[in-house]
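Not measured: the values here are computed from a predicted model. The basis for the numbers below is simple: all heavy atoms, side chains too, and nothing from hydrogens, waters or symmetry mates. Every chain is numbered from 1 and lettered A, B, ... according to where its sequence line falls, protein lines coming before strand lines.
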Amino acid sequence: MAESPITPRSKDFAAWYQDVVLQGDMAEPAEIVKGCMVIKPNGYAVWEGLQRELDSRFKETGHQNVYFPLLIPQSFLQKEAEHVEGFAPELAVVTIAGGKELEEPYVIRPTSETVIGHFFSRWIQSWRDLPVLMNQWANVVRWELRTRMFLRTTEFLWQEGHTAHATHGEAIAEALRMLDIYAEVAEQVMAMPVIKGRKTNSEKFAGALQSYSIEAMMQNGLALQSGTSHDLGQNFGKAFNVQFQNEEGRLDYVWQTSWGVSTRLIGGLIMTHSDDKGLVLPPKLAPVKAVIVPIFRKGEEGGAVLEAAHKIAKELGAKVDDRPGQTPGAKFFHWERRGVPVVLELGPRDLAAGNVVLKRRDTGVKEIVPREQAAEKLQAALARMQTDLFEKARKHLRDNCVLANSIDEVQAILGDVTAESGGGRFVMVHLKDDPACDARLKEFKATVRCIPLVDEYDGAGTCVVTGERVEQRVVVGKAY
RNA sequence: CGGGGCGUGGCUCAGCCUGGUAGAGCGCCUGGUUCGGGACCAGGAGGCCGGAGGUUCGAAUCCUCUCGCCCCGACCA
């Protein structure tokens with residue numbers, strides 16, 4: 001792909017984001033299919049990294065992977081009232097197959113609660129069958145009106161966990177446990193700090209009793225819901241007749257949960273760390289952690305440099321950029337925009353002195369290290385970069401959380417904020433979980449992002465809309 | 001889905017108003033000189049102008065429809 005300039009963040013955040021995705025060779029619009037994208041090798045490798053990290057944690061907590069059909073009978077969606085209502089506008093429906101009109105159309109799954117409910121009802125008879133802990137890696141389709149690569153595409157990849165439990169308490173614990181796993185992966189692997197919280201009634205998943213989410217803050221101050229888990233109560237159990245006989249011999253409906261993260265995480269990753277030079281990837285997720293750029297003049301000298309470069313690369317597990325006809329400068333730019341965490345320079349001077357030059361992507365700082373310490377220094381630099389990225393992002397998040405004590409104050413802070421303008425904040429305010437309050441925020445396009453599980457502020461107070469007493473401050477912001 | 005913008009070699013774009021079947025820069029290929037932050041010279045390949053239809057002797061240019069992308073708004077992982 002041709003390498004073009006990257007629009008500065010300050011000039012146009014949306015354009016910057018798109019440039020970074022394109023120039024970082026992460027993905028490109030599918031052009032032939034509305035709202036879809038092609039995830040390219042550099043982007044898919046990041047997704048594979050996330051899959052690896054998430055999947056191992058799911059397995060450790062007793063979940064098993066399964067796969068359910070892409071196509072769902074339309075009537076299934078209609079069995080849970082809120083669920084249909086929530087998803088109806090964004091469904092893609094198959095009405096013709098095999099050249100014939102179908103008696104009952106199939107919906108392309110927007111999520112799988114319904115099919116899974118159907119099978120749970122067949123599989124679960126006794127309390128001894130519970131809990132059922134399943135996860136599916138799949139693609140889903142939601143006919144979104146407005147799409148942005150990774151952040152919201154018509155088709156996207158995700159994982160959806162589905163579990164069934166004997167008691168409500170167990171289901172709630174499961175939903176919270178998975179939320180913790182999401183937060184752990186976001187913070188420790190992606191270096192993306194998040195706030196864990198509960199969704200308000202109007203923001204929760206269609207068909208859930210309660211939704212939980214992790215909310216991250218992008219560099220423009222907008223919130224990105226980065227993972228959700230739901231306490232589905234017995235809603236789907238009742239809709240799909242998922243009954244079991246409990247220890248007392250009585251029939252009861254199961255308590256279910258579902259939880260998911262998607263390729264949207266990659267969008268979050270990009271908008272958390274990248275800069276005006278392009279993509280910045282945290283070492284733990286970078287497909288290529290280090291590249292050696294050899295520098296030399298003539299044939300003989302080149303031979304020695306290349307030989308040493310390959311030898312060092314082997315020791316370090318790095319890649320050598322030995323493409324001929326490209327100047328070192330061009331190579332530096334190339335890897336920089338692809339987010340490679342560390343670039344090592346190796347030229348005649350280094351060869352003579354027994355050094356290599358190590359340069360970190362995030363800080364741009366060069367360090368000259370003795371060749372025999374290269375492996376050790378590289379590992380140290382990668383580890384340091386991982387924690388530095390997290391700390392930097394966490395500082396950004398903290399610095400942009402502000403308190404407000406009236407709705408006018410909230411509006412003053414967030415009213416003019418857009419994805420392009422930047423300057424977004426998380427405004428911590430006392431607000432009742434009431435649709436009327438959500439509606440008031442909507443007047444200036446803000447939303448309650450979540451009600452934090454851990455209240456880091458001043459506890460109870462007076463709702464800025466209704467004047468009623470509420471237990472804690474909530475996070476209000478503008479979101480993707 | 002409504003409003004706005006845009007689709008011309010791989011990329012960025014000019015040409016369109018005032019129809020006469022296409023241009024620039026970058027990239028790419030070949031050869032040579034270069035090589036510590038986007039090298040230079042020379043030669044060369046590559047587009048039928050998003051798609052369909054229409055007007056016309058003739059359409060990238062005008063008209064209609066359609067598809068896609070970007071931005072803004074209403075819906076959302």
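Around atom CD of A:E82, more than 12 heavy atoms belonging to other residues, nucleotides or ligands sit under 6.0 Å away.
Taking atom CZ of residue A:F13 and atom P of nucleotide B:C70, one finds them 16 Å apart after rounding to whole Å. For A:W143 and B:C76, the CH2 to P distance is 18 Å, given to the nearest whole Å. Residue A:K478 contributes atom NZ, which lies 12 Å from atom C1' of B:G73 at whole-angstrom precision. Per the geometry, NZ belonging to A:K277 stands 13 Å off P belonging to B:G38, to the nearest Å. Across the protein-nucleic acid pair, A:D19 atom CG and B:C69 atom C1' stand 14 Å apart, rounded to whole Å. Distance, A:R323 CZ to B:C35 P: 19 Å, rounded to whole Å. A straight line from CG of A:L145 to C1' of B:C75 spans 6 Å, rounded to a whole angstrom. Rounded to a whole Å, the CG atom of A:D25 is 13 Å from the C1' atom of B:C11.
As the counterpart of B:C28, B:G44 is assigned, both hydrogen-bonding distances of the Watson-Crick or G-U wobble pattern falling under 3.5 Å. A 3.5 Å limit on both hydrogen-bonding distances identifies B:G51 as the Watson-Crick or G-U partner of B:C65. When Watson-Crick and G-U wobble pairs are counted only if both distances are under 3.5 Å, B:G38 pairs with no nucleotide at all. Pair assignment for B:U21 gives none, since no Watson-Crick or G-U wobble pairing has each distance under 3.5 Å. The pairing partner recorded for B:G58 is none, the criterion being a Watson-Crick or G-U wobble arrangement whose two distances lie under 3.5 angstrom. Applying the Watson-Crick and G-U wobble criteria (two distances, each under 3.5 Å), B:A74 pairs with nothing in any strand.
Looking at heavy-atom distances under 4.0 Å, A:V140 makes no contact with the nucleic acid at all.
The residue among A:T418 and A:V357 whose nearest nucleotide of RNA chain B lies closer to the 5′ end is A:V357. When each of A:Q18 and A:L151 is assigned the nucleotide of RNA chain B with its nearest heavy atom, A:Q18 is the one assigned upstream, toward the 5' end.
When the C1' atom is used for both B:C16 and B:G2, the distance is 28 Å, rounded to whole Å. Here, B:C28 and B:C75 have their C1' atoms 44 Å apart, quoted to the whole Å. Here, B:C40 and B:G27 have their P atoms 8 Å apart, quoted to the whole Å. Nucleotides B:C70 and B:U34 have their P atoms positioned 46 Å apart, rounded to a whole Å. B:A60 and B:A52 have their P atoms separated by 12 Å, with the value rounded to a whole Å.
When distances run from any side-chain atom of A:A14 to the nucleotides B:C35, B:C71, B:C69, the shortest one goes to B:C71.
Within residues 438-448 of chain A, the residues approaching RNA chain B are A:K442, A:K445, by heavy-atom distance under 4.0 Å.
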Please list each protein N or O that sits under 3.5 Å from an N or O in nucleotides 65-68 of chain B, with the distance.
residue, atom, partner, partner atom, Å
B:G68, O2', A:E31, O, 3.2

Atom pairs under 3.5 Å, N or O on each side, protein against nucleotides 50-52 of chain B: can you list them with distances?
none

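A stacked arrangement is assigned to A:F156 and the six-membered base ring of B:A77, with a centre-to-centre distance below 5.5 Å and an interplanar angle below 30°.
Remark: side-chain polar atoms of A:K445 are not paired, donor with acceptor, to backbone N or O of A:G415 under 3.5 angstrom. Side-chain atoms of A:R338 do not come within 3.5 Å of backbone N or O of A:H334 as any donor-acceptor pair. A donor-acceptor distance shorter than 3.5 angstrom exists from the side chain of A:N400 to the backbone of A:H396, with no hydrogens or angles considered.
A side-chain contact (heavy atoms from CB on, under 4.5 Å) with A:I108 is found for exactly one of A:N139, A:V93, A:L70, namely A:L70.
Regarding contacts with the backbone of B:A39, a side-chain N or O of A:T327 is found under 4.0 angstrom from either OP1 or OP2. In this structure, A:R297 reaches the B:C35 phosphate: one of its side-chain N or O atoms is under 4.0 Å from OP1 or OP2.
Looking at A:H230 and A:Q210, their side chains never come closer than 4.5 Å, going by heavy atoms from C-beta outward.
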